[in-house]
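Everything on this sheet refers to the single structure shown next.
Heavy-atom basis, side chains included; hydrogens, waters and symmetry copies ignored. Chain letters run A, B, ... following the sequence lines, proteins first, then strands; residues in each count from 1. These numbers come from a predicted model, not from an experiment.
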There are 2 protein chains.
Amino acid sequence: MQLTMSGEYAVRAMIHLSALPFGTVVQIADVSKEWNIPENFLRKISVQLARADLIVSQRGLNGGIRLGQPAERITVLDVIEAVEGNIFLNKCLVCDGVCPRDEWCQVHTLWAEAQIKLKEILTSKSLAQLAAESFTRKAELNEARQRTSAA
Amino acid sequence: MQLTMSGEYAVRAMIHLSALPFGTVVQIADVSKEWNIPENFLRKISVQLARADLIVSQRGLNGGIRLGQPAERITVLDVIEAVEGNIFLNKCLVCDGVCPRDEWCQVHTLWAEAQIKLKEILTSKSLAQLAAESFTRKAELNEARQRTSAA
DNA sequence: CTAAAACATGACCATTTTTGTCATGTTCGG
DNA sequence: CCGAACATGACAAAAATGGTCATGTTTTAG
């Protein structure tokens with residue numbers, strides 16, 4: 001019941017891209033250094049992100065990766081599902097009819113509700129918003145720190 | 001990002017107990033047959049449930065397991081956490097300060113929000129309610145089926 | 001007090017998933 | 001054609017999952 005490292009790394013990389021002007025190309029090696037992601041692992045993850053059109057990659061000199069669509073249109077859920085596949089909190093929810101208690105079991109209903117809510121929250125903010133808010137928060141913290149050390 | 005079989009089995013067993021009058025003793029072998037749970041596996045799970053005081057087990061002739069507290073006071077989250085430990089949707093949430101981006105990363109905030117909501121839903125109904133509602137729903141379905149076959 | 005019934009404990013194990021690494025290939029620009 | 005960058009696929013170590021099994025302990029009926 002937890003996000004995998006793949007998902008975690010994918011979100012980090014996407015947040016990195018989302019903080020830059022749309023179209024900016026970066027190299028996987030650089031992202032991996034800045035966000036503590038094993039480089040070769042990130043390479044594999046980036047292929048999945050590209051398949052989901054979340055990023056576009058370009059080979060060759062001056063190549064790299066860039067966002068495949070504006071950060072305003074991408075959510076954390078998009079990123080996770082690109083890497084981990086569709087989210088199902090409970091195996092009973094994977095496919096109708098798999099669980100013989102499907103029709104009447106109210107635990108099933110509860111899980112369905114939980115899953116909907118989870119997805120709702122994970123799509124409630126765009127990567128653009130998250131990146132921007134993080135930037136602001138970071139600046140606030142730095143300022144606070146400077147004031148303290150100055151005093 | 002999914003409930004384990006342990007968790008799933010635990011919930012099934014607890015629902016079984018919750019549908020019976022408080023204090024009713026049942027045998028693990030019977031529960032395992034009725035709910036398609038590998039018997040030896042359920043035995044191990046039941047130890048964990050007992051440690052969390054969700055059930056009480058008694059050895060010896062006429063022994064078995066029974067609820068450790070009224071089904072009205074137990075939630076699905078209780079059961080899951082007894083078996084899987086505390087739920088953390090994201091590794092960053094496990095322990096403050098583990099993630100160096102903790103303080104400013106807004107993805108962190110989003111996960112925290114999601115986790116709270118998930119727990120909220122998984123505690124929104126007692127096992128007693130879930131068992132009762134399932135019973136009702138099952139009866140409704142049966143009746144509907146009889147009407148159809150009669151017509 | 002003894003036998004049988006029931007759960008407890010802990011060792012063990014197969015499989016799958018996760019989290020990578022690496023060698024090699026491909027594409028592109030200059 | 002060279003070097004930079006990503007792609008692909010094989011490989012593998014480690015951890016988690018989902019069990020099984022032998023043995024031990026507790027309880028009670030008789």
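One finds a salt bridge joining B/Glu81 and B/Lys119 here, because a Lys/Arg side-chain nitrogen approaches an Asp/Glu carboxylate oxygen to under 4.0 Å. Remark: B/Arg147 engages B/Glu143 in a salt bridge, criterion side-chain N to carboxylate O under 4.0 Å.
A/Gln2 has its CD atom 12 Å from the C1' atom of C/dT18, to the nearest Å. Regarding A/Asn62, its CG atom lies at a distance of 14 Å from the C1' atom of D/dC2, rounded to whole Å. Distance A/Met1 CE to D/dT17 P: 11 Å, rounded to the nearest Å. Rounded to a whole Å, the CD atom of B/Glu39 is 11 Å from the P atom of D/dC21. Rounding to whole angstrom units, CZ of residue A/Arg66 and P of D/dC6 are separated by 13 Å. The separation between A/Ile37 atom CD1 and D/dC6 atom P is 13 Å, rounded to whole Å. Between the NZ atom of B/Lys44 and the P atom of C/dT9 there is a distance of 12 Å, given to the nearest Å. If you take CD of B/Gln48 and P of C/dC7, they are 16 Å apart, rounded to a whole angstrom.
Comparing C/dC7, C/dG20, D/dG19 by their closest approach to the side chain of B/Ile28 singles out C/dC7. Minimum atom distance to the side chain of A/Lys91 is reached by D/dG18, of the listed D/dG18, C/dC7, C/dT21. Side-chain proximity of B/Leu61 to the nucleotides C/dA8, C/dA5, C/dG29 is greatest for C/dA5. Closest approach to the A/Asn40 side chain among D/dC21, D/dA7, C/dC22 is made by C/dC22 (side chain taken as heavy atoms from C-beta onward). The side chain of A/Met5 approaches C/dT19 more closely than any other nucleotide in the set C/dA11, C/dT19, D/dG18. Of the candidate nucleotides D/dT27, C/dG29, D/dG19, D/dT27 has the atom nearest to the side chain of B/Gln58. The B/Tyr9 side chain lies nearest to D/dG19 when the options are C/dA6, D/dG19, D/dG18. Which of C/dC7, C/dG20, D/dC6 sits closest to the side chain of A/Gln27 comes down to D/dC6.
Checked options B/Leu3, B/Leu54, B/Val11, B/Leu49; the residue passing with B/Val83 is B/Leu49 (criterion: side-chain contact (heavy atoms from CB on, under 4.5 Å)).
Remark: A/Glu103 CD is loosely packed, at most 12 non-hydrogen atoms of other residues, nucleotides or ligands lying under 6.0 Å away.
With 3.5 Å as the limit, one finds no donor-acceptor pair spanning the side chains of B/Ser6 and B/Glu84.
In this structure, A/Arg43 reaches the D/dC6 phosphate: one of its side-chain N or O atoms is under 4.0 Å from OP1 or OP2. Of the side-chain N and O atoms in B/Ser57, none sit less than 4.0 angstrom from OP1 or OP2 of C/dA6. Checking the phosphate oxygens (OP1, OP2) of C/dT17, no side-chain nitrogen or oxygen of A/Thr4 falls inside 4.0 Å. Between A/Ser46 and D/dA7 there is a side-chain polar atom (N or O) within less than 4.0 angstrom of OP1 or OP2.
Mapped onto DNA chain C by nearest heavy atom, A/Leu3 and A/Gly60 fall at different nucleotides, with A/Leu3 at the one closer to the 5' end. Residues A/Ser6 and B/Ala29 both approach DNA chain C. Their nearest nucleotides, taken by heavy-atom distance, put B/Ala29 toward the 5′ side.
Here the closest heavy-atom approach between residue B/Arg66 and residue B/Thr24 is recorded as CB-O, 3.2 Å.
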